[in-house]
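Numbering of ligands and ligand atoms starts at 1, following listing order.
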Amino acid sequence: MAKLFRAVIMGPPGSGKGTISERIAHSFGLKHLSSGDFVRENIAAKTEAGVQAKTYIKKGLLVPDHVMTRLLLPRLGDDQIQLVVRWYVGFPRTLAQAEALNSACDLDVAINLNIPLETLKERLRHRWIHPPSGRVYNMCFNPPRVQGIDDITGEPLIQQEDDRPEALVARLRHYKDVAKPVIDFYKAKGILYTFSDTETDRIWPNISALLSTKIPAIQTDARCASTH
Ligand SMILES: Nc1ncnc2c1ncn2[C@H]1C[C@H](O)[C@@H](COP(=O)(O)OP(=O)(O)OP(=O)(O)O)O1
Ligand SMILES: Nc1nc2c(ncn2[C@@H]2O[C@H](COP(=O)(O)OP(=O)(O)O)[C@@H](O)[C@H]2O)c(=O)[nH]1
């Protein structure tokens, strides 16, 4: 059985998880799953979990662990699709989620983005997204070609309700409280890599270098395994 390379990318809202995951996907040909996109899909489809999740997100709170794990774990464990690599962007957010994920599979790397608060606030003020695809823009950093319009589909972009400054402060406070035990959990496992800076363009070369050392080895293992 081929070994899948599995990683999580953690960081507060606006830290660049989505932006960096896109770069990883593009540069290494890897697939990533975003828990936030998954939650938003469920809200749009008005599933039972989506309706429950919406009440928490509106208040700037995380979705409770039992709702999140029920939503995501079946997706994460689905090995029908022959992915070499999985990224769990935004999951786990709590120690209970990290423990549930740990029982489901082994992770190779946990990337932790450590970005100053003022930088986060400024980025999210200017964040616009294309909900159907999850494409993310920033009016300063990576603006769309036409203001308010998705480059690929020509559909309108929106600002997320939970990026409003009022919701954001509560989200950031909550993130700090829940993230520390998760960070400690991965540190103890020896797979935590923390990157601190105000610019994604300065963090990216370091993440790219780290992954270059990890991914070829695993893909070679996978090739060997599949020939036996
Ligand atoms: N692992 C999770 N546990 C609990 N709630 C979650 C989780 N992932 C997503 N959510 C909920 C709370 C989030 O505010 C909402 C949107 O997800 P997501 O886009 O990842 O969050 P966010 O808007 O805080 O992310 P970002 O960090 O990209 O700003 O869905
Ligand atoms: N100014 C600036 N904006 C950035 C940088 N990196 C990402 N962004 C933007 O900041 C916002 C948050 O990034 P995103 O990847 O969505 O972060 P996430 O919330 O952790 O997934 C988006 O609008 C990005 O386009 C950066 O280095 N500088």
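Closest non-hydrogen pair, M10 versus V182, comes out as CE-CG1, 3.7 Å.
For the residue pair Y88/R6, the side-chain donor-acceptor check at 3.5 Å is satisfied. Defined by atom type and a distance below 3.5 Å, a donor-acceptor pair is present between the side-chain atoms of E122 and H126. A donor-acceptor pair shorter than 3.5 Å cannot be found between the side chains of T194 and N114.
Nearest-residue assignment for atom 9 (C) of ligand 2 (options N138, I20, T119; heavy-atom criterion): N138. In this structure, of V39, D65, I57, the residue bringing a heavy atom nearest to atom 15 (C) of ligand 1 is I57. For atom 9 (C) of ligand 1, the candidate residues are S35, G16, P64; the nearest heavy-atom contact is made by S35.
Remark: minimum distance from atom 23 (O) of ligand 2 to any protein heavy atom is reached at Y137 O, 2.9 Å. Atom 27 (O) of ligand 2 has T200 N, 2.7 Å as its closest protein atom, hydrogens excluded (heavy atom only). In terms of protein heavy atoms, atom 17 (O) of ligand 2 is closest to G16 N, 3.0 Å. For atom 16 (O) of ligand 2, the closest heavy atom belonging to the protein is R127 NH1, 2.7 Å. Ranking protein heavy atoms by distance to atom 8 (N) of ligand 2, first place goes to F141 CD2, 3.4 Å.
No part of K54 comes within 4.0 Å of ligand 1, judged by heavy-atom distances. Residue contacts with ligand 2 for W128 are absent, since no atom lies close enough (heavy atoms, distance under 4.0 Å).
Heavy-atom proximity to G18, at under 4.0 Å, picks out these atoms of ligand 2: 15 (O), 18 (P), 21 (O). The V136 neighbourhood of ligand 2 comprises atoms 16 (O), 22 (C), 23 (O), with distances under 4.0 Å to a heavy atom of that residue. Residue P12 approaches ligand 2 through these ligand atoms, each under 4.0 Å from one of its heavy atoms: 20 (O). Atom numbering of ligand 2 starts at 1 in the shown order; those under 4.0 Å from a heavy atom of E199 are 26 (C), 27 (O), 28 (N). For ligand 2 and N142, the ligand atoms under 4.0 Å from any heavy atom of the residue are 25 (O). Close approach of ligand 2 to P13 is summarised as follows: ligand atoms under 4.0 Å from at least one heavy atom of the residue are 19 (O). Taking a cut-off of under 4.0 Å to the non-hydrogen atoms of T19, the atoms of ligand 2 that pass are 7 (C), 13 (O), 14 (P), 15 (O), 24 (C).
At least one heavy atom of G14 sits closer than 4.0 Å to an atom of ligand 1. Remark: distances from the non-hydrogen atoms of G14 to ligand 2 include one below 4.0 Å.
In this structure, the side chains of R93 and V8 stay at 4.5 Å or more apart for every pair of heavy atoms.
Residue-to-ligand polar distances place K17 within reach of ligand 2: an N/O pair is separated by less than 3.5 Å.
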Step-by-step salt bridge (Lys or Arg N to Asp or Glu O under 4.0 Å) determination, D177 to R173: CA-CA 7 Å; D177 291 344; R173 192 178 314 122; over 6 Å; no
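Look at D201 and R23 and you find a salt bridge, because one of the NZ, NE, NH1 or NH2 atoms lies within 4.0 Å of a carboxylate O, short of that distance. Here D150 pairs with R135 in a salt bridge; the nearest charged N to carboxylate O distance falls below 4.0 Å.
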